[in-house]
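Along the sequence shown, the residues carry numbers beginning at 1.
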Amino acid sequence: MTMRSGVESWSPQRAGVSSLNRPIHVAFVHISRLAMAIDSDLSRVEEWYESVHILELGGMTAQELVMQGSADLVIGFLRSIRCGERD
């Protein structure tokens, strides 16, 4: 299973995501797709998103950053990895 098919088949309404959480869901989908382009292992991407502290982004996890409204920092971080600007 790839993140793409898993993310696209996930229904916010079925999972009880309110319209207030929609921006978080949208950010999660975008970040997940970017991360899957770097590492196609879904379990590693999920672990990274939830529990890896990103030193360059204040030591917070991607999930913490998204929850505080800083998804753009995570997206920029992942794009810089894809462009070869960092490991």
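- When all heavy atoms of Ala71 and Val66 are compared, the closest pair comes out as CB-CG2, 4.0 Å.
- A heavy-atom distance below 4.5 Å is found between the side chains of Ile31 and Trp48.
- Between Ile54 atom CD1 and Glu64 atom CD the span is 9.5 Å, to the nearest 0.5 Å.
- With values rounded to the nearest 0.5 angstrom, His30 atom NE2 is found 13.0 Å from His25 atom NE2.
- Ser51 places a side-chain N or O within 3.5 Å of a backbone atom of Glu47 that can act as its donor or acceptor partner.
- For the atom pair Arg33 CZ and Phe28 CZ, the distance stands at 10.5 Å (nearest 0.5 Å).
- Taking 4.5 Å as the limit, every side-chain heavy atom of Thr61 sits out of range of all side-chain heavy atoms of Glu50.
- Within the model, atoms CE of Met67 and CD1 of Ile24 stand 4.0 Å from one another, a figure rounded to the nearest 0.5 Å.
- Side chains of Ser70 and Gln68: a donor-acceptor N/O pair is present below 3.5 angstrom, by distance only.
- Results of the side chain to side chain contact (heavy atoms under 4.5 Å, CB included) test with Leu34 over Ile81, Leu78, Val74 single out Leu78 as the only residue that passes.
- Taking hydrophobic clusters as Ile, Leu, Val, Met, Phe, Trp and Tyr residues chained together by side-chain heavy-atom distances below 4.5 Å, Ile75 does not share a cluster with Val26.
- Taking CG from Asp41 and CE from Met36, the interatomic distance works out to 7.5 Å, rounded to the nearest 0.5 Å.
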